[in-house]
Protein chains: 4
Amino acid sequence: MARVPAAERRNDLVNAAIQVIASHGVDGATTRRIAERANAPLATLHYCFQTKELLFAAVFERLTERYREVLIENDVHGDLVTTARAILRGLLNWYLESDSEFASASFELISWAQRQEEHPAVTVYNEAFNVVRSILARAAAGQDVTPGTIDQIGYVLSTLTDGFVVNWLTYADRARAAEQAEIVVEVFDAWLAAKLA
Amino acid sequence: MARVPAAERRNDLVNAAIQVIASHGVDGATTRRIAERANAPLATLHYCFQTKELLFAAVFERLTERYREVLIENDVHGDLVTTARAILRGLLNWYLESDSEFASASFELISWAQRQEEHPAVTVYNEAFNVVRSILARAAAGQDVTPGTIDQIGYVLSTLTDGFVVNWLTYADRARAAEQAEIVVEVFDAWLAAKLA
Amino acid sequence: MARVPAAERRNDLVNAAIQVIASHGVDGATTRRIAERANAPLATLHYCFQTKELLFAAVFERLTERYREVLIENDVHGDLVTTARAILRGLLNWYLESDSEFASASFELISWAQRQEEHPAVTVYNEAFNVVRSILARAAAGQDVTPGTIDQIGYVLSTLTDGFVVNWLTYADRARAAEQAEIVVEVFDAWLAAKLA
Amino acid sequence: MARVPAAERRNDLVNAAIQVIASHGVDGATTRRIAERANAPLATLHYCFQTKELLFAAVFERLTERYREVLIENDVHGDLVTTARAILRGLLNWYLESDSEFASASFELISWAQRQEEHPAVTVYNEAFNVVRSILARAAAGQDVTPGTIDQIGYVLSTLTDGFVVNWLTYADRARAAEQAEIVVEVFDAWLAAKLA
DNA sequence: AATGAATGAGGCTTCATTCAT
DNA sequence: TATGAATGAAGCCTCATTCAT
């Protein structure tokens, strides 16, 4: 096996971990499988990441980044309602993309993360939440909206998104999920309209 | 030695499994741990349930039952809006109850179940959905509501509930979750009002 | 399960054991499988035969009996050569019979029996040998044959038979085995002719 | 810790397996016992041979090799009769050698092998048969002998050998077996003489 | 007398990790 | 530095057997 510099290996391993988690679940994501997917010798995994836990931490960092990207990509720089809805749609679409291992993987990791010392899940959530908040805050700039309201919008955003994902992962029926995405947006709109009335 | 009827033993084991799953996650729910929790030798577990998988199937049955009970307990026999909201509140409260290992366990099991041949997760969902539908249908009896609408209400109900749970399991902060439950109900109300207007 | 008297059960269990040994091998012949085949509760096996070892001892007794029967059935009461050859043919045919679990079972048991305290395999062999000897002795009555020669004939008989079985069990090809039986008889004839010349 | 090359470790394990099979039987040849005999931790066994079955496959390869060696060592390069008899004697002596776990092990494995998917027992037999055939063919070079006859000689050779071994393993009485070896050779000679007359 | 229930011992295998080079 | 080799701990499961009724 060709000797590959550690930095590159780290990258490969994180990617491999995400793929394996997405397809085999957290508990199916063994070091061997991950190393194999990364085309790296098993020992290399521990050479690059002293511990499986540390590898997963890196996975979390990557997921955090990716969330941020998705959010920013979907920032339409419009008014509050328009912007919030765009974010929601962006997230739903992202989850629906077939190759979005990121989505399944991050979902897979939620309950695992809970049982870790450092609660990395919370970190991901907080990070994502901060990005959402800052996007919404700018969108609300001219309008008369309290920070509390923005937080609530963020919460509803994530609640709807997560609820949507649970169903989508359970049934794995894309057509059905696409329809449901519409309903989710409808719900969001109704609430926003009532809220900001 | 204690000569316990098999039915009871099976019961104990299912309970133990639920507790262990709730506290250690699906992958942390080893046969050893479950047997220990049930105060039974490991071999007894395999005497009662030839296979770990079969034990988990029994867990699913139990969860399905429990869901049904919770739903029925929260049927207020009012009109559609009142009834739907009562169900939502009932579910949220149930999830919030401290000793509700059922909730965490069933959530834990979702992604595991997905990877099983028979997809028991889908079964739980379908069962729960049917109960919700029948309750809502009766509530809507005199009113002019299409079956499609009732299905949508069911879907929104479960989406909001699941989204709520994800957050609650992530942060494990009861006070915060209690507040968020209010928001969730608010969202539901807003959408229902708009929908049925 | 209907309560069945122990005596009858013993019989069923021995039969079941022979069948299971023949089809699953000695090590595949578990108490559970045997009980199941005998249509008896597992505990009954140990009620009838304190130990698996004791059950197998009974199996050996049965095999010994059966060997004796086969030998006697094939005693043509002719002269030495005729009689000896008839016995050989009888044994080969018996082994070739498709439903002859006795044959496979007894062969399966040889090496197992070696490792038992009481060496039951030796007993079966000795018993069979004695029967052969007495048949041959009578056949040789008028002729001038030493006891040593009769023992040798017995030994060659069993050597050829066993060698034949090994091949037959290995290849499990009946047509081939049938041809080989002819050769075996040919070998026996040649030796007997030379010996008694 | 001793940093032994994998090839050597594999070798040790195969040897250990043969010894354990010879002394404890196929079903008594547990991974634990084999590892212990090889002075290796249990996990090492599975590092070298993913599966017990694969280890046993390696055992078969070794046995096949050894058979070939024994046959070739006993090729006296004489005429057909001389050569055939030399092979028979060589095999009988080999089986009689006290440290010949190979012999007992290979016999032990026959019935086990039958129940394997790939029937490795057949492979051992076929291999051995081919070697015998080629040796005999060369010995018969100048003589007027059909291939069919050579095959028959090979078959009789193995039948006599196997029959001899069954008895030897059953009684484990070396003196007796030595005498019987003489008879076996006598039988072979008589048949060959008649055959080639 | 006969059997459902129960179990300690041990089966094979896989895990994350560490060692030696 | 990077990796083949090695391993203790733990995974699930099955065995022959015994207990309590």
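Naming convention: chains lettered A, B, ... in sequence-line order (proteins, then strands); numbering from 1 in each chain.
The line from CG of Leu55(D) to OG1 of Thr31(D) is 9.5 Å long, rounded to the nearest 0.5 Å. Atom CG of Asn15(C) is separated from atom CD1 of Ile34(C) by 11.5 Å, given to the nearest 0.5 angstrom.
In this model, the phosphate group of dG4(F) is not approached by any side-chain N or O of Arg9(D) to a distance below 4.0 Å at OP1 or OP2. Residue Tyr47(D) has no polar side-chain atom (N or O) positioned under 4.0 Å from OP1 or OP2 of dA6(F). Close to dT7(F), at under 4.0 Å from its OP1 or OP2, lies a side-chain N or O of Thr44(D). Close to dT14(E), at under 4.0 Å from its OP1 or OP2, lies no side-chain N or O of His46(D). Within the 4.0 Å cut-off from OP1 or OP2 of dA5(E), not a single side-chain nitrogen or oxygen of Arg10(B) is found.
Gln50(C) places its CD atom 10 Å from the P atom of dT17(F), with the value rounded to the nearest Å. Between the CZ atom of Phe49(C) and the C1' atom of dA2(E) there is a distance of 15 Å, given to the nearest Å. Rounded to a whole Å, the NZ atom of Lys52(B) is 19 Å from the P atom of dT13(E). Note: CD (Glu36(A)) to P (dG4(F)) measures 13 Å, nearest angstrom. Atom CD in Glu53(D) sits roughly 12 Å away from atom P in dT14(E) (whole-Å rounding). For the pair Leu13(A) CG and dA2(F) P, the computed distance is 13 Å after rounding to whole Å. Summarising the geometry, the separation between NE2 on His24(A) and C1' on dT14(E) is reported as 15 Å, rounded to the nearest angstrom. In this structure, the CZ atom of Phe56(D) is 13 Å from the C1' atom of dG11(E), given to the nearest Å.
Contacts between residues 27-35 of chain D and DNA chain E, defined by a heavy-atom separation under 4.0 Å, are made by Thr30(D), Thr31(D), Arg32(D).
Listed by first and then second residue, the salt bridge (Lys or Arg N to Asp or Glu O under 4.0 Å) pairs involving residues 39-51 of chain D amount to none (not counting sequence neighbours). Every pair tested for salt bridge (Lys or Arg N to Asp or Glu O under 4.0 Å) that includes a residue from residues 18-45 of chain D fails, sequence neighbours excluded, so the list is empty. Each salt bridge (Lys or Arg N to Asp or Glu O under 4.0 Å) pair with one or both residues in residues 105-114 of chain B, not counting sequence neighbours, appears once here: Arg115(A)-Glu108(B).
With sequence neighbours left out, the side-chain hydrogen bond (donor to acceptor under 3.5 Å, both in side chains) criterion links Asn11(B) to Arg62(B). Applying the ring pair (Phe, Tyr, Trp, His ring centres under 6.0 Å) test to Tyr67(A) and every residue at least two apart in sequence or in another chain returns Trp94(A). Qualifying salt bridge (charged side-chain N to carboxylate O under 4.0 Å, His left out) partners for Arg66(B), counting only residues two or more places apart in sequence or in other chains: Glu69(B), Glu73(B). A search for ring pair (Phe, Tyr, Trp, His ring centres under 6.0 Å) contacts involving Phe107(C) returns nothing, not counting sequence neighbours.
Residue-level contact check: Leu45(C) touches neither bases nor backbone, having no heavy atom under 4.0 Å from any strand.
Of the residues near DNA chain E, Leu42(C) and Thr51(D), the one whose nearest nucleotide (by heavy atom distance) lies more toward the 5' end is Leu42(C). For the pair Pro41(B) and Ala43(D), nearest-nucleotide mapping onto DNA chain E gives the more 5' position to Pro41(B).
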Give the dot-bracket line for DNA chain E from 5' end to 3' end: parentheses for intra-strand Watson-Crick or G-U pairs under 3.5 Å, square brackets for crossings, | for inter-strand pairing, dots for unpaired.
.||||||||||||||||||||
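Judged by distance alone, the side chain of Thr170(A) and the main-chain N or O of Val166(A) form a donor-acceptor pair under 3.5 Å.
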